[in-house]
2 protein chains.
Amino acid sequence: MGITKTELFSEVDNQIALAAKAFAHPARVAILHYILKTNACINSDLVQELGLAQATISQHLRELKDIGIIQGTIEGSRMNYCINPARWEEVRALFLGVFDQYLPGSPGGCC
Amino acid sequence: MGITKTELFSEVDNQIALAAKAFAHPARVAILHYILKTNACINSDLVQELGLAQATISQHLRELKDIGIIQGTIEGSRMNYCINPARWEEVRALFLGVFDQYLPGSPGGCC
DNA sequence: ATTATACATCGTAATATTGCAATAATGTAA
DNA sequence: TTACATTATTGCAATATTACGATGTATAAT
């Protein structure tokens, strides 16, 4: 159907899935990389950097903002997007929590 | 359009986006958690564990297998899915590479 | 005031994803 | 062989996502 049965899953699983969507499209990863590199960015820069239309980038930025991983402050007629440190750490912790459940030297009782 | 313009983005960004899709749906996160917990699993177990139809779970398992993060070995008429250690480490490294670009005490030159 | 710049939002078209019933395929048990 | 158990695949139907032109809004520049 295309609709996710959110109610079937644990709070953590839903949280991780939500956070993962920030990284689940290369444009958003590229945006994050760009923000991280320049440590501040504006929408019009990204239109040059990536080859996507302004409306498309604005949409991706909004998704990242909805997820909470970035925040934007108005600077005159420009927007200043940057990482939301608290949320970044939160998302980082969510993923580390998963990754750390399987380490190279895990028991390994099957295939 | 719904089509991702893969050719616009770097190899790494595309790789990360691909890997992120493993975590971008709560059912797949739940499946991974279950595999990690039991360190081996079969499809029918998951049908009990999660509330999804067998066909749906089989489909999610295939996506995880396509991404490479799990592998399945045939055991009689059952399947034994488990983590693919090499790929797991690869994906882990991809994400750590992103997360480590912003640490709590980063420069923070903007908002 | 007019024009330009920078983003956001809306509407829409196209593709992708999710979910499941039905069915196929394969192995096991009787 | 027949019947059963387990998983994969197919074929939809419904929702979600991606992309962009057009338009709206607010500030800045002339």
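Chain A is the first sequence line, chain B the second, and so forth, proteins listed ahead of strands; every chain is numbered from 1.
Residues A/G76 and B/K65 each lie close to DNA chain D; by heavy-atom proximity, the contact nearer the 5' end of the strand is made by B/K65. Between A/S77 and A/T56, the one whose closest nucleotide on DNA chain C sits nearer the 5' end is A/S77. Nearest-nucleotide positions on DNA chain D place B/N43 closer to the 5' end than the other of B/N43 and B/T6.
One finds a salt bridge joining A/D100 and B/R92 here, because a Lys/Arg side-chain nitrogen approaches an Asp/Glu carboxylate oxygen to under 4.0 Å. The existence of a salt bridge linking B/E75 and B/R78 is excluded, since no basic side-chain nitrogen approaches an acidic carboxylate oxygen closer than 4.0 Å. Using a cut-off of 4.0 Å between Lys/Arg side-chain N and Asp/Glu carboxylate O, B/E63 and B/K21 are scored as not salt-bridged.
When each of A/Q54, A/R62, A/H60 is checked for a side chain to side chain contact (heavy atoms under 4.5 Å, CB included) with A/S58, only A/Q54 meets the rule. With B/P26 as the partner, the side chain to side chain contact (heavy atoms under 4.5 Å, CB included) test is satisfied by one option alone out of A/L18, A/T4, A/L8: A/T4.
Residue-level contact check: B/I57 touches neither bases nor backbone, having no heavy atom under 4.0 Å from any strand. Backbone-only engagement by A/K21 is indicated by non-hydrogen atom pairs under 4.0 Å involving sugar-phosphate atoms exclusively. Note on B/A53: only backbone sugar-phosphate atoms sit closer than 4.0 angstrom, heavy atoms only; bases stay farther off. When heavy atoms are screened at a 4.0 angstrom cut-off, B/I74 is found touching no nucleic acid atom at all.
Between the B/N80 side chain and the B/T73 main chain, no donor and acceptor come within less than 3.5 Å of each other.
The listed nucleotides are C/dA8, D/dA8, D/dT18; the one nearest the side chain of B/M79 is D/dA8. With distances taken from any side-chain atom of B/R78 to the nucleotides C/dT9, D/dT6, D/dA19, the minimum falls on D/dT6. Closest to the side chain of A/E63, out of D/dA16, C/dA6, D/dT18, is D/dT18. The side chain of A/S44 lies closest to C/dC7 when the candidates are C/dC7, C/dT28, D/dA8.
Judged by atom type and distance alone, A/Q54 does not reach the base of C/dA6 through any side-chain donor-acceptor pair under 3.5 Å.
Residue A/H25 places at least one side-chain N or O closer than 4.0 Å to OP1 or OP2 of D/dA19. Note on B/R62: every side-chain N or O is 4.0 Å or more away from OP1 and OP2 of D/dA8. Note on A/H60: every side-chain N or O is 4.0 Å or more away from OP1 and OP2 of D/dT17. Applying the 4.0 Å criterion to OP1 and OP2 of C/dA6, one finds that A/Y81 has every side-chain N and O outside that range.
Rounding to whole angstrom units, CG of residue A/L61 and P of C/dA8 are separated by 7 Å. Summarising the geometry, the separation between CD1 on B/I70 and C1' on D/dA8 is reported as 14 Å, rounded to the nearest angstrom. For the pair A/I3 CD1 and D/dC12 P, the computed distance is 22 Å after rounding to whole Å. When the P atom of D/dT27 is taken as reference, atom CD1 of A/I42 falls 17 Å away, rounded to whole Å. Straight-line distance from the CD atom of B/Q48 to the P atom of D/dA5: 13 Å, rounded to whole Å.
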